[in-house]
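First up is the structure itself, then whatever we jot down about it.
When a ligand or atom number is given, it counts from 1 through the structure's own listing order.
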Amino acid sequence: MRVRFAPSPTGYLHVGGLRTALYNWLLARQSGGTFILRIEDTDRTRFVADAEEDIVDSLEWAGLDVDEGPETGSYRQSERTALYDAALARLLEEGNAYIAFDTPEEIEQMRSRLATDTNPNPRYDWSTRSHMKNSLTLGTDEVALRRERGDPFVVRLRVEPGAEVLFTDIVRGDVRFRTDDVDDQVLMKSDGLPTYHLANVVDDHDMRISHVIRGEEWLSSVPKHVLLYQALGWETPRMAHLPLILSPTGGKLSKRNADKQGIPVFVREYREAGYEPSALLNYLALLGWHPESEQEVFSLEGLVDTFSLDRVGPSGVQFDMDKLAWFNGQHIRMRSPEEIAKSQMEALKKAYGDVDEERAVQAARLMHERMAIASDLVGFEYLFKAPSDWDEAGVRKRWKDDSARLVQTYRDALMDVQEWTAEQLEETLRRVTGQHDVGAGRLIHPVRLAVSGVSHGPGLFDLLVYLGRDAVCERLERAVNALG
Ligand code: GLU
């Protein structure tokens, strides 16, 4: 399998683009094939200078390594114009393409002139081309004269009516169309650059792409591509058009409606927010693909083993941030506390000054089950510094008249604990509450509040072990003085 991801550098990599890249990459890896990155940069009007860099960085972050791409050779379409020119020359020579001089205004005029009730928007095609200024209607001299004069022109594919074309999409099955309904698409624009259609077909052929796997929005281009392959006498690659990614409220997940729902659309935003790349990929894999078993959580290797195109359905799938957050939590648990800590060292140092890496690992171990995202670690402030105040609602609910006395007693007892282990700390606590004839909760809640400032968190005794005797005693002392 030789597959390609062929983004246009018109903006940062979109999550939908990452899904397309992922499906291609998975198939390449599971078949021992080749994953190609091709930059489709022929549309100079929509070119964004740092888009390619973002695409490359995002793929790298996600772990989708590229076998052939701009790093290894000429994989930007702007570097490949000689190939497109050669294809054009052949198409023109063999009568499958022609030159057209019509200005946009003239095409507009043709549209209003030839519009009928049944055909309100006539296209430039077999039925209208004879009314236009092109190399099929103008004499050879006139064409030569215009070209000499430097009149702008485009090259169009000559699509003849009366034939039916069938192609089989791996996701959608048989798709039929009639050539009567296909316009004489522009292959080369007046700026001399190829259109998407021409460059895409020429490159897929030249790069020996076996399977074209891309978003549903390209399905409507397929007839044009198939006719181009036929005109050039090339074999059409196999094709799969992936279902649309929809917003939770329906409709395509556009930047605008995603913004409204608080859904980031660019991969870089997930990267910056600290998502696990493997979780995002796991989630994206399931946006369109349905594994045979009930299993939902997959590592990237697991996806390579299990993914298959014949379990990709055609209907649109809704993007759901909560579900993604759930996957992220699952993938956090698959990573070691060491790795999580390492990834957050920079942020930890920024927030708390000098944080020791071993300390961060212990913190990550303590919070492993409670994290939804690696950056949560930085948010657990009390793991890295003493609370400066105590949650008001928590105090009202948990800090009773006898709390100060009980906490003070526990603090004093902690000075004598032999081994600073969760068992000993718990035993000591139960002894104190036993002596005062109250339930353990009467001390557990105020102690938690005193050391962390909040009333929820990891197991209390594990937290105390993590904090260490000095910090615990000091924090208890401070709370007793402040809360009374
Ligand atoms: N350049 C197109 C895009 O931006 C490629 C579509 C295709 O894969 O053929 O998605």
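- Contacts of ligand 1 (protein heavy-atom distance under 4.0 Å) are R4, A6, P7, S8, E40, Y196, N200, R214, W218.
- No option in H331, E276, E296 other than H331 meets the side chain to side chain donor-acceptor pair (under 3.5 Å) test with N282.
- Aromatic pair Y23/F307: centroids less than 6.0 angstrom apart.
- At a threshold of 4.5 Å between non-hydrogen side-chain atoms, the residues F380 and D376 count as touching.
- Nearest heavy atom pair, residue L59 against residue A21, reads CD2-CB, 3.8 Å.
- The shortest side-chain heavy-atom distance between P458 and M367 falls under the 4.5 Å cut-off.
- More than 12 heavy-atom neighbours from other residues, nucleotides or ligands sit within 6.0 angstrom of NZ on K255.
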